[in-house]
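Taking it in order: structure first as structure tokens, then the write-up.
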Amino acid sequence: MSEVKQNLRNIVVGTVIPEVEAYLDDLHTLLEENKATDDDMDAIREMESFLVELQNIVLAVDENKVNDEEASGVYDRIMSMIEESQEEH
């Protein structure tokens, strides 16, 4: 596996998926406590969809169904998302 694919896999598996799962856990807690707003419900749907996309990225890398150029593009977009998220906090 090339370095760019390994980097993409590492950031998705090691950082992004755990953060999405933690956020979903928080949202599901609100739902269980009947405190979820319509925005929270939308966020749950969006995050669950995003989680599936992330899992598909890992699968595509593992099965070598993505080339280095595609992997690099996805990696760059993910890193930009992470940077934007950190700037907001």
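Remember, it's a predicted structure, so these values are computed and weren't measured experimentally.
Summarising the local packing, CD of E69 is surrounded by 12 or fewer heavy atoms from other residues, nucleotides or ligands at distances under 6.0 Å. Counting heavy-atom neighbours within 6.0 Å of D38 CG, excluding the residue itself, gives a total of 12 or less.
Rounded to the nearest 0.5 angstrom, Q55 CD and D62 CG are separated by 12.0 Å. The CE atom of M47 sits 13.0 Å away from the CG atom of D25 when rounded to the nearest 0.5 Å. Interatomic distance, CG of N64 versus CE of M1, reported as 7.5 Å (0.5 Å rounding). Taking CD1 from I57 and CD1 from I17, the interatomic distance works out to 8.5 Å, rounded to the nearest 0.5 Å. Between E21 atom CD and L51 atom CG the span is 5.5 Å, to the nearest 0.5 Å. Going from atom CD of E63 over to atom CG of N56 covers 10.0 Å, rounded to the nearest 0.5 Å.
Within the 4.5 Å cutoff, the side chain of I82 has heavy atoms near those of the M79 side chain.
Listed by chain and number, the residues in a salt bridge (charged side-chain N to carboxylate O under 4.0 Å, His left out) with E33 are K35 (sequence neighbours excluded).
Shortest non-hydrogen contact noted between E48 and L24 is CG-CD2, 3.8 Å. Residues P18 and G14 share a closest heavy-atom pair of CG-O, 3.6 Å. When all heavy atoms of F50 and V16 are compared, the closest pair comes out as CE2-CG1, 4.0 Å.
At least one donor-acceptor pair closer than 3.5 Å links the side chain of E70 to the backbone N or O of N67. Checked by atom type and distance alone, the side chain of K5 pairs as donor or acceptor with a backbone atom of V66 at under 3.5 Å. A donor-acceptor distance shorter than 3.5 angstrom exists from the side chain of D40 to the backbone of T37, with no hydrogens or angles considered. Using modelled atom types, one side-chain atom of S80 and one backbone atom of D76 make a donor-acceptor pair closer than 3.5 Å. For the pair S72 (side chain) and D68 (backbone), a donor-acceptor distance under 3.5 Å is absent.
By the criterion of side-chain heavy atoms lying less than 4.5 angstrom apart, applied directly or through intervening Ile, Leu, Val, Met, Phe, Trp or Tyr residues, V4 is not grouped with M81; the two fall into different hydrophobic clusters. Taken together through direct or relayed side-chain contacts under 4.5 Å among Ile, Leu, Val, Met, Phe, Trp and Tyr, L54 and L59 form parts of separate hydrophobic clusters.
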